[in-house]
Student: 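Just passing along the structure, written as structure tokens.
When a ligand or atom number is given, it counts from 1 through the structure's own listing order.
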Amino acid sequence: MRGLEEEQQYAGRCGDALRAMIAGARENVVVGEVTWGDRYTAERLGYYLKSLARELGDEGDSPPFFGRIAYGTDESAGEHRGQAYYLGRRHISDAIGRPPLVIDWRAPVSTAFYRAGTRDPQGVAVRRRYGWSNTTLTGYEDEHLPQPDTQVSGGAAAVEAGAGGTGVGAGLGGHGVGAGPGEHGVGAGLGGQGLAGSGVPGVGGILRAEIERPRVGPMRDIVATIQPDQDELVRAELEQSICVQGAPGTGKTAVGLHRAAYLLYVHRARLQRNGVLVLGPNRAFLHYISAVLPTLGEMDVEQTTVDDLLIGEKVKVRATDEAEAALVKHDGRMADVLRRALYGRLRAPRDAVVVPDSSYRWRVNQYEFEEMVEDARAEATAYGIGRERVISRLVAALQRQAETRGQNCNGVWLRKMARAVTPAVDEAWPAVKADEVLAEFLSDPSQASDGILSEREQAAIAWKRSRKPASALWTAADLVLLDEVSALLGRGPSYGHVIIDEAQDLSPMQCRAIARRSEHGSITVLGDLAQGTTPWATRDWAEQLIYLGKPEAEVIALTTGYRVPAAVVAITNRLLAGLRTKVPATRSFRTDGRYTLTKTNDLAGTCVDAVRAALKEEGSVGVIAADDAIADLTAALQQDGIETVHTDGDGRVAVVPASLAKGLEYDHVIAVEPAAIVDAEARGLNRLYVVLTRAVSRLDVLHHRPLPDELG
Ligand SMILES: Nc1ncnc2c1ncn2[C@@H]1O[C@H](COP(=O)(O)OP(=O)(O)OP(=O)(O)O)[C@@H](O)[C@H]1O
């Protein structure tokens, strides 16, 4: 096996090769600019080369590899017998035709790095993980896996640069998006931690240090440390839809993003055509995760919220629904109601269609016309297509008559006939727009919803007076309804793969909007029933998967939390009993961490003190409180000279409304007045569960009012 010096030389060689690749890509951009032929090719190629140059350029600041697997000489190693491979964020090669110096983490051969274990070594004899300080290789750690033909059992050994190891940084070379230099290797001396005591077998110092490394700035990738259960989800087949029920901090979001990168690598051509879509709960969350895919080399993945996805309807939200109205509008029964509102416009034809054409009068009888309408309706395609079919069948009937009379029915004639039958079709199958249908429905819901919605429900959604689309005061829930009606009118495109985060919070109608966009593709559903906070949050994945159009998706649980430390998990698991959902408790990977509880008469003052104390330690600080307490807390902190940022700002101290904390994390969380967080909404206890599970290392709970029973 190579020693540290040889490894450092190899790292140098990879660095040189990478620089040559960057120079080559840049040169291609320049050469391309001179030699491109037509404009379309020029644009596509230019875009590709420029992004490649940019990606590779970004790559230059991060370690070239993070791990290595050396196969044994036994048969179980198969074609890899005696081989060793370095793994990194992307392939690095120094010459065409020679094996790459570093293999992309997504390539099939990399799988063994993530999955090989003492029980199933998969032919691997030694797994090596590297410690880096920026781009300098500072050490490595070997894990020896049992070999069938020898007596070697599992074990580990670490090597690091310099003597004693004090102060030698050994991060795994995370990309450190936006974190500035020196981020890798913070507080991760290699010699300091043994394998014992981690609670997770075979977890060495470098791996543990990476997972426990303080968080600063946006979310980062986890390619170097993806765990076996996570890896199986990341590399699930493209055709397979999966649903991950993951406890807080189990890496659901990370898994989803890495899955997107993996699928794009393996099925690039197919997915670039149809697209991959990532849906998150709000913009603050999207900001937080936005850097992960670009660091994994994927620039083209669309990342958006469900609301923004629907704003494709080009309608402005100008009003807010009462809680009861929103609940009705998000209910799955609205799908039937809207279908009825739309198809209620069809009228059985009362007359024949008669079209004068020079000396003839062509005719389709009333009963034939009626049959055409009924047939088109029964074919259950979109409303707009149904209408088109009626028109073309009428024209075809006229054409048959005309041709029997020897008439030449050319394109001009056919278009003339189509125009001639349109007024009759307008009566029977009117052309409509989605906003007209919805405005008319909300002006008077009774006709379409009698027998489906109760009178009270109808009253809750009915407008006080009837309005036309132009003057309608649309709400966010109306966008979901407009989307439903638009889809009834005509189908939109479908993505190749859709990844849905915090999926427990989606309403049936939102799920349907997503289902339409993934009709011909697959989905990855990520969520936690215990973190459901919307009034319509589901308590059952099977039901949600039906609305998402993938009832066959397998539900897989992740229970090992990589964020919240054991001391905090002990508290948050206690809340589970009060949440009315059946989910497995979290088991923390992390043994570090601290929890404090403080009763105070001066919440703002105590909060300022707590932030001051937190700032003495490393990492980000999140003050999380009920939404209506945010302004006062921010003012108190700023008066004391502490700089604060909003949820989606980048800075050390964020003051975060409880309603926006979902999906985010802070090294140090100061949760202010739990009782107020619980009282603020119907699923307040779930919200509190979300808030307390944002802590990466330390959680301080400050309260004046009595604590909720589950916490007390
Ligand atoms: N294998 C891993 N190696 C290193 N860090 C990891 C790993 N898995 C997860 N993490 C880290 O744990 C934290 C939680 O991950 P993530 O946000 O993806 O979890 P989640 O399940 O979506 O959480 P929640 O539901 O609470 O929002 C992140 O900082 C993530 O980088």
Side-chain angles (χ1 to χ4, degrees), residues 66-67 105 113-115 129 171-177 179 188 198 200 203-204 206-234 244-260 278 280-282 284-286 288-289 291-292 295-296 499-505 524-533 556-565 568-569 572 583 586-590 593 619-620 622 624 660-667 669 686-687 689-697:
F66 54 77
W105 65 278
F113 177 81
Y114 298 106
R115 305 237 184 123
R129 294 179 193 274
L172 266 171
H175 214 88
V177 187
S198 66
V200 177
V203 174
I206 290 187
L207 178 59
R208 175 156 292 279
E210 173 62 13
I211 291 174
E212 295 185 355
R213 187 152 62 103
R215 271 57 168 180
V216 182
M219 190 173 190
R220 52 197 178 208
D221 73 67
I222 59 164
V223 277
T225 54
I226 297 171
Q227 295 300 292
D229 52 346
Q230 296 174 326
D231 190 63
E232 292 199 12
L233 301 171
V234 168
V244 183
Q245 158 56 47
T250 48
K252 295 181 290 298
T253 302
V255 162
L257 295 171
H258 288 73
R259 176 153 173 71
V278 173
N282 55 53
F285 173 82
L286 290 175
Y288 170 65
I289 65 164
V292 176
T295 36
L296 296 177
I499 292 169
I500 309 147
D501 210 344
E502 305 291 356
Q504 77 283 350
D505 275 335
T524 298
V525 181
L526 310 162
D528 180 7
L529 298 177
Q531 294 184 60
T533 51
I556 300 149
L558 287 180
T559 53
T560 305
Y562 298 97
R563 172 195 305 128
V564 193
V568 176
V569 165
T572 54
V583 295
T586 319
R587 166 174 162 269
S588 178
F589 176 91
R590 311 173 50 141
S620 57
I624 314 181
L660 289 183
K662 194 165 279 181
L664 307 181
E665 63 185 15
Y666 302 91
D667 284 295
V669 167
N686 297 71
R687 182 74 72 191
Y689 181 71
V690 172
V691 168
L692 301 183
T693 53
R694 298 308 95 199
V696 176
S697 294

Student: Out of Ala224, Pro248, Ala254, who is nearest to atom 18 (O) of ligand 1 when you count heavy atoms only?
Tutor: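 Ranked by closest heavy atom to atom 18 (O) of ligand 1, first place is Ala254.
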Student: Report yes if some N/O of Gly249 lies less than 3.5 Å from some N/O of ligand 1; otherwise report no.
Tutor: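 The answer is yes, given that Gly249 and ligand 1 share an N or O pair closer than 3.5 Å.
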Student: Check whether any side-chain N or O of Glu665 sits under 3.5 Å from a backbone N or O of Gly663 as a donor-acceptor pair, and report yes or no.
Tutor: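 No; zero donor-acceptor contacts below 3.5 Å.
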Student: Is there a side-chain contact between Arg129 and Phe113 in this structure, where contact means two heavy atoms from C-beta onward sitting under 4.5 Å apart?
Tutor: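 Answer yes - side chains close enough.
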Student: Kindly give the heavy-atom pair with the smallest separation between Ile624 and Arg694, and that separation in Å.
Tutor: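 Where Ile624 meets Arg694 most closely, the heavy atoms are CD1-CG, 3.9 Å.
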Student: Tell me whether Thr693 reaches ligand 1 (any heavy atom closer than 4.0 angstrom to a ligand atom).
Tutor: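 Under 4.0 Å: no for Thr693.
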Student: Show the atoms of ligand 1 that are less than 4.0 angstrom away from any heavy atom in Gly663.
Tutor: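 Per the distance check, 27 (O).
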Student: Considering distance alone, does some N or O of Thr253 sit under 3.5 Å from an N or O of ligand 1?
Tutor: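 Checking ligand 1 against Thr253, an N or O pair does fall under 3.5 Å apart.
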Student: Does any donor atom in the side chain of Asn686 or Gln531 lie under 3.5 Å from an acceptor atom in the other side chain?
Tutor: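 No, because no side-chain N or O of Asn686 sits under 3.5 Å from a partner of the opposite role on Gln531.
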Student: Is a side-chain donor or acceptor of Asp505 paired with a backbone partner of Thr533 at a separation under 3.5 angstrom?
Tutor: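 Here the side-chain-to-backbone pair exists.
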Student: Of the options Asp231, Thr225, Val234, which is the one that meets Tyr114 in a side chain to side chain contact (heavy atoms under 4.5 Å, CB included)?
Tutor: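 Among Asp231, Thr225, Val234, the one that satisfies the side chain to side chain contact (heavy atoms under 4.5 Å, CB included) with Tyr114 is Asp231.
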Student: Under 4.0 Å from a heavy atom of Gln227: give me the atoms of ligand 1 that qualify, with their elements.
Tutor: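 Reading through ligand 1 atom by atom, the close ones are 1 (N).
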Student: Would one find an N or O of Gly251, backbone or side chain, under 3.5 Å from an N or O of ligand 1?
Tutor: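 N/O-N/O distance below 3.5 Å exists for this pair.
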Student: For Gln230 and Glu232, does a side-chain donor sit closer than 3.5 Å to a side-chain acceptor?
Tutor: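 The criterion, which ignores hydrogens and geometry beyond distance, is not satisfied for Glu232 and Gln230.
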Student: May I ask you to check if ligand 1 and Arg563 share an N or O to N or O distance below 3.5 Å?
Tutor: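 In this structure, Arg563 places an N or O atom under 3.5 Å from an N or O of ligand 1.
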Student: Out of all atoms in ligand 1, which are within 4.0 Å of some heavy atom of Arg694? Include the element for each.
Tutor: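 Those atoms are 24 (P), 26 (O), 27 (O).
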Student: Can you list the ligand 1 atoms lying under 4.0 Å from a non-hydrogen atom of Ala247?
Tutor: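 So the atoms of ligand 1 that pass are 21 (O).
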Student: Relative to the ring of His258, is the ring of Trp105 parallel (under 30°), tilted (30 to 60°) or perpendicular (over 60°)?
Tutor: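 The arrangement is perpendicular - the two ring planes meet at more than 60°.
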Student: Less than 3.5 Å between some nitrogen or oxygen of Gly246 and one of ligand 1, yes or no?
Tutor: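 No: no nitrogen or oxygen of Gly246 is under 3.5 Å from one in ligand 1.
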Student: Please find the pair of heavy atoms, one from Leu257 and one from Val292, that lie closest to each other, and give the distance.
Tutor: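 Answer, listing the atom of Leu257 first, then Val292: CD1-CB, 3.8 Å.
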Student: Take every heavy atom of Lys662, measure it against each atom of ligand 1, and state whether any distance is under 4.0 Å.
Tutor: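 Checking ligand 1 against Lys662, which is what was asked, there is no heavy-atom contact under 4.0 Å.
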Student: Heavy-atom pairs closer than 4.0 Å: do any link ligand 1 to the side chain of Ile222, the backbone, both, or neither?
Tutor: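 The side chain, only.
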Student: Answer with side chain, backbone, both or neither: which part of Asp528 has a heavy atom less than 4.0 angstrom from an atom of ligand 1?
Tutor: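 None of Asp528 does.
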